[in-house]
Amino acid sequence: MEVIIKANPELASQLAAQIIAHTIEKKPNTVLGLATGATPLSLYQELINLHKNNGLDFSRVHTFNLDEYVGVAPNHPASYHFFMEKNLFSNVNIPNTQRHIPDGMACNIPQHCIDYENRIRQVGGIDIQILGIGSDGHIGFNEPSSSLASRTRIKTLAGATLEDNKKYFHDLQTPPRHAITMGIGTIMEAKDILLLAFGSKKAQIVSEMVEGPISAMVPASVLQMHPSAKIILDEESAALLKRRDYYNDVYRHKPAWQKFE
Ligand code: GLP
């Protein structure tokens with residue numbers, strides 16, 4: 001686990017975008033795992049800028065989103081289909097057929113989940129998985145107590161997540177209680193992982209993820225077992241880390257060939 005602390009979310013997002021751009025330049029058919037939420041918004045904007053101003057080409061890139069709400073139509077503004085269209089897909093050149101998001105309207109959800117996993121395998125697995133972190137430590141929608149070996153499946157949203165999401169679904173009589181999410185085992189198979197977390201509200205859970213025990217009660221802590229996970233933070237989300245001086249030292253003394261800036 002490599003912990004990188006930048007001065008602010010903008011610089012952190014720029015670094016993540018550089019890492020992704022570098023990978024796409026080396027491997028034009030990169031398979032990206034995508035996340036939603038407020039955290040990756042500035043990263044997506046950076047990728048759009050690199051596409052528009054520097055010619056970063058997404059035409060051979062494949063994408064797989066982590067999750068989607070069950071029973072929420074793709075044209076609902078709170079669906080992750082809508083989010084991705086608005087914040088990334090409409091502004092870069094990833095062909096439609098190469099974008100994948102779990103279908104929250106699928107009639108046969110278990111079969112859909114098996115098919116989703118198969119599609120990831122068919123394109124050779126995820127090269128870089130982008131992640132945010134929920135305030136309870138969830139990744140994707142793998143809520144605390146999720147199996148650390150889980151695969152893509154339906155999950156019931158936790159009370160805290162329902163509360164966080166309420167604001168997006170004020171027009172629906174019954175806000176979604178379920179989501180389809182890649183499993184923790186699925187996420188752990190990505191070759192590289194970039195987890196971003198910003199702001200003081202994430203400081204406590206970031207310290208549990210990085211410096212606490214590995215536990216299903218903090219699903220993101222499983223990333224301690226991943227061979228190539230970068231945790232990219234701003235000063236605020238890193239504030240409670242005990243070894244932050246060490247993480248800064250490691251980053252400062254990295255050999256030039258390992259850097260992306
Ligand atoms: C949702 C998503 C997660 C995301 C989390 C945090 O639960 N399913 O993938 O990481 O929200 O969102 P935010 O980045 O807005 O804090």
Side-chain angles (χ1 to χ4, degrees), residues 8-10 12-13 16-17 32-47 63-72 74 76-84 86-88 100-104 113 116 126 128-146 150 152-169 175-184 186-188 190 193-210 218-223 226 229-234 236-238:
N8 55 52
E10 291 69 37
S13 304
L32 287 179
L34 299 177
T36 51
T39 307
L41 280 175
S42 41
L43 162 61
Y44 293 151
Q45 192 51 56
E46 290 294 336
L47 290 176
T63 65
F64 287 87
N65 266 78
L66 283 166
D67 45 16
E68 178 58 289
Y69 297 107
V70 169
V72 177
H76 189 282
S79 78
Y80 288 162
H81 279 76
F82 193 96
F83 175 101
M84 290 312 303
K86 178 173 168 212
N87 296 304
L88 183 67
H100 306 275
I101 304 179
D103 179 3
C113 294
Y116 201 70
I126 292 172
I128 300 194
Q129 176 65 56
I130 300 163
L131 293 175
I133 181 170
S135 46
D136 59 2
H138 72 237
I139 46 177
F141 269 127
N142 295 285
E143 300 282 21
S145 80
S146 290
S150 51
T152 303
R153 70 214 182 290
I154 189 167
K155 279 296 291 181
T156 305
L157 305 180
T161 308
L162 288 173
E163 197 51 39
D164 285 348
N165 286 342
K166 220 169 50 187
K167 55 184 180 289
Y168 301 120
F169 293 105
R177 294 202 67 97
H178 297 97
I180 297 173
T181 180
M182 272 188 209
I184 297 176
T186 321
I187 293 169
M188 288 292 281
I193 290 185
L194 299 180
L195 183 144
L196 284 79
F198 305 140
S200 54
K201 278 194 187 145
K202 298 283 170 78
Q204 177 59 36
I205 199 66
V206 162
S207 78
E208 290 177 38
M209 162 179 65
V210 175
V218 181
S221 64
V222 74
L223 299 179
H226 194 280
K230 289 184 167 56
I231 310 299
I232 305 183
L233 307 172
D234 67 345
E236 290 186 357
S237 63

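Residue numbers count from 1 along this sequence. Just so you know, ligand 1 is whichever comes first in the structure, and atom 1 is the first atom listed for that ligand. Treat the numbers as computed from the prediction; the structure is a model and nothing was measured.
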query = With a cut-off of 4.0 Å, which atoms of ligand 1 are near a heavy atom of Gly132?
reply = 10 (O)
message = To check your reading of the model: name the closest protein heavy atom to atom 4 (C) of ligand 1, its residue, and the distance in Å.
response = Thr36 O, 3.9 Å
task = Would you mind reporting whether Leu195 and Met209 have side-chain heavy atoms less than 4.5 Å apart?
result = yes
inquiry  = Which residue and atom name correspond to the protein heavy atom nearest atom 15 (O) of ligand 1, and how close is it?
reply    = Ala38 N, 2.8 Å
Min N/O separation Leu66 to ligand 1 under 3.5 Å = no
message = Suppose we measure from atom 7 (O) of ligand 1 to each protein heavy atom; which comes out shortest, and what is that distance?
response = His138 NE2, 2.7 Å
task = Just say parallel, tilted or perpendicular for the rings of Tyr80 and Phe83, cut-offs at 30° and 60°.
result = perpendicular
query = Can you tell which part of Ile133 has a heavy atom less than 4.0 Å from ligand 1: side chain, backbone, both or neither?
reply = backbone
query = Are side-chain heavy atoms of Leu88 and Thr63 found at a separation under 4.5 Å?
reply = no
message = Against ligand 1, does Lys202 come closer than 4.0 Å with any heavy atom?
response = yes
ask   = Is there a donor-acceptor pair under 3.5 Å between the side chain of Lys155 and the backbone N or O of Glu143?
value = no
request  = Check each of Ala160, Gly134, Gly37, Gly140 against atom 3 (C) of ligand 1 and report the one with the nearest heavy atom.
outcome  = Gly140
request  = Report, as yes or no, whether the 6.0 Å neighbourhood of atom NZ on Lys167 holds more than 12 heavy atoms from other residues, nucleotides or ligands.
outcome  = yes
query = Judged by modelled atom types alone, do Thr161 and Asp164 share a side-chain donor-acceptor pair under 3.5 Å?
reply = no
request  = Please report which non-hydrogen protein atom sits nearest to atom 8 (N) of ligand 1, along with the residue it belongs to and the distance in Å to one decimal place.
outcome  = Asp67 OD2, 2.8 Å
remark   = So CD1 of Ile193 and CD1 of Ile126: to nearest 0.5 Å the spacing works out to 9.0 Å
Gap between atom OG1 of Thr186 and atom CG of Asn142 - 0.5 Å precision = 8.0 Å
task = Look at ligand 1 and say whether Phe198 reaches it with a heavy atom at a distance under 4.0 Å.
result = no
ask   = Is ligand 1 less than 4.0 angstrom away from at least one heavy atom of Ala35?
value = no
ask   = Which option, Tyr69, Tyr80, Phe83, owns the non-hydrogen atom nearest atom 2 (C) of ligand 1?
value = Tyr80
request  = Give the atoms of ligand 1, by number and element, whose distance to some non-hydrogen atom of Thr39 is under 4.0 Å.
outcome  = 13 (P), 14 (O), 16 (O)
ask   = Can you find an N/O atom of Thr161 closer than 3.5 Å to an N/O atom of ligand 1?
value = no
query = What distance do Leu34 atom CG and Ile101 atom CD1 have between them, rounded to the nearest 0.5 Å?
reply = 8.0 Å
